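First the structure, in the form of structure tokens, and then the observations on it.
These values consider heavy atoms only, across backbone and side chains, with no hydrogens, waters or symmetry-generated copies. This is a predicted model, so every value here is computed, not measured.
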Amino acid sequence: MADIDGPTHAYMTSAPGCWSAYGELLVRSSDWSVDRGTAQLRTDAYASQHATNPDARNRQSVAVHLMSLCATFELGLAPGRTTTLLGGWTHRPGGYPDLISDDRHGVVTVVDVLEAQGGEAHAAAVERWARSVWNAWAGHHGEIRTLLAEQGLQ
């Protein structure tokens, strides 16, 4: 990741170079016909890879984006379908558990996805990224499944 000074996300404690790369990815892919599902997986992967602090907003973000990945990869919901469900997941009585771990959250990163050129290549790279992130959270899959069950999804 480029070691640069610059802005970062308000509560996902990413390095400025990583946040910049994500912004570049969003701008670059705006020229392609990126479907809603690919856009959601891209957001889920980035947010789930930046579980870096116990802030309540970060805990919520990580949980709901992991729930989206689980619903997509394990329950077979179309990724775009999870976009409509996320709003209902954001408010949970008592908040969300701290899902921060010391593990690296996937071997594929935003930088890898930046290398993809064109809509189809981008979609395939985003799916690899999202699956890599979901697989890296294997130690928390049970917790995420429980959170989905609370929402009526099993």
Side-chain angles (χ1 to χ4, degrees), residues 1-4 6-30 32 34-83 85-86 89-90 96-149 151 153:
M1 194 58 55
D3 185 16
I4 62 170
T8 60
H9 190 276
Y11 54 84
M12 284 188 262
T13 314
S14 62
C18 188
W19 185 240
S20 176
Y22 185 67
E24 181 182 341
L25 179 67
L26 297 180
V27 169
R28 185 181 300 172
S29 62
S30 69
W32 307 320
V34 175
D35 62 68
R36 192 167 106 176
T38 298
Q40 186 61 54
L41 286 176
R42 185 176 57 203
T43 303
D44 293 338
Y46 190 83
S48 298
Q49 231 169 16
H50 291 87
T52 54
N53 71 68
D55 180 286
R57 297 170 298 169
N58 192 58
R59 287 194 322 267
Q60 171 195 333
S61 175
V62 171
V64 300
H65 288 292
L66 286 170
M67 290 164 67
S68 180
L69 291 174
C70 182
T72 299
F73 296 134
E74 292 193 5
L75 302 181
L77 268 66
R81 172 75 176 110
T82 63
T83 304
L85 297 172
L86 284 172
W89 297 345
T90 58
Y96 279 97
D98 187 355
L99 297 173
I100 298 171
S101 73
D102 293 332
D103 300 331
R104 184 163 181 216
H105 303 294
V107 295
V108 180
T109 71
V110 64
V111 173
D112 299 306
V113 179
L114 272 169
E115 295 174 6
Q117 297 296 315
E120 288 181 30
H122 175 74
V126 166
E127 183 164 342
R128 278 191 309 277
W129 182 23
R131 284 186 184 279
S132 170
V133 170
W134 175 242
N135 291 337
W137 280 93
H140 293 277
H141 284 182
E143 291 172 85
I144 300 305
R145 290 180 195 116
T146 298
L147 293 172
L148 280 174
Q151 300 297 324
L153 295 172

So how far is it from [X] [atom1] to [Y] [atom2], rounded to the nearest 0.5 Å?
X: Leu77; Y: Thr83; atom1: CG; atom2: OG1; value: 10.5 Å
X: Thr90; Y: Leu85; atom1: OG1; atom2: CG; value: 11.5 Å
X: Glu74; Y: Leu69; atom1: CD; atom2: CG; value: 10.0 Å

Do you know the tightest heavy-atom contact between [X] and [Y]?
X: Gly106; Y: Ala136; answer: N-CB, 3.0 Å
X: Ala51; Y: Val62; answer: CB-CG2, 3.5 Å
X: Trp129; Y: Leu25; answer: CZ3-CD2, 4.0 Å
X: Ala71; Y: Leu148; answer: N-CD1, 3.8 Å
X: Tyr96; Y: Gln60; answer: CD1-CA, 3.8 Å
X: His105; Y: Val133; answer: O-CG2, 3.5 Å

Between the side chains of His122 and Arg42, does any donor sit under 3.5 Å from an acceptor?
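Short answer, yes.
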Please name the residue in the list Thr82, Ile144, Thr43 that meets the side chain to side chain contact (heavy atoms under 4.5 Å, CB included) test with His65.
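Filter result, single survivor: Thr43.
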Hey, is the main chain of [Y] close enough, under 3.5 Å, to the side chain of [X] for a donor-acceptor pair?
X: Ser48; Y: Asp44; result: yes
X: Glu127; Y: Leu41; result: no
X: Thr72; Y: Ser68; result: yes

Using a 6.0 Å cut-off, check whether atom CZ of Arg81 has over 12 heavy atoms from anything other than its own residue.
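Count not over threshold, so no.
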Dump the intermediate steps for side-chain contact (heavy atoms from CB on, under 4.5 Å) on Gln117 and Arg28, then the final yes or no.
CA-CA 9 Å; Gln117 297 296 315; Arg28 185 181 300 172; 3.6 Å; yes
Classify the ring geometry of Tyr46 against Trp19: parallel below 30°, tilted from 30° to 60°, perpendicular beyond 60°.
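Judged by the thresholds at 30° and 60°, the geometry between Tyr46 and Trp19 is tilted.
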Quick one: does Gln49's side chain get under 4.5 Å of Cys18's, heavy atoms only?
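Side-chain contact under 4.5 Å: no.
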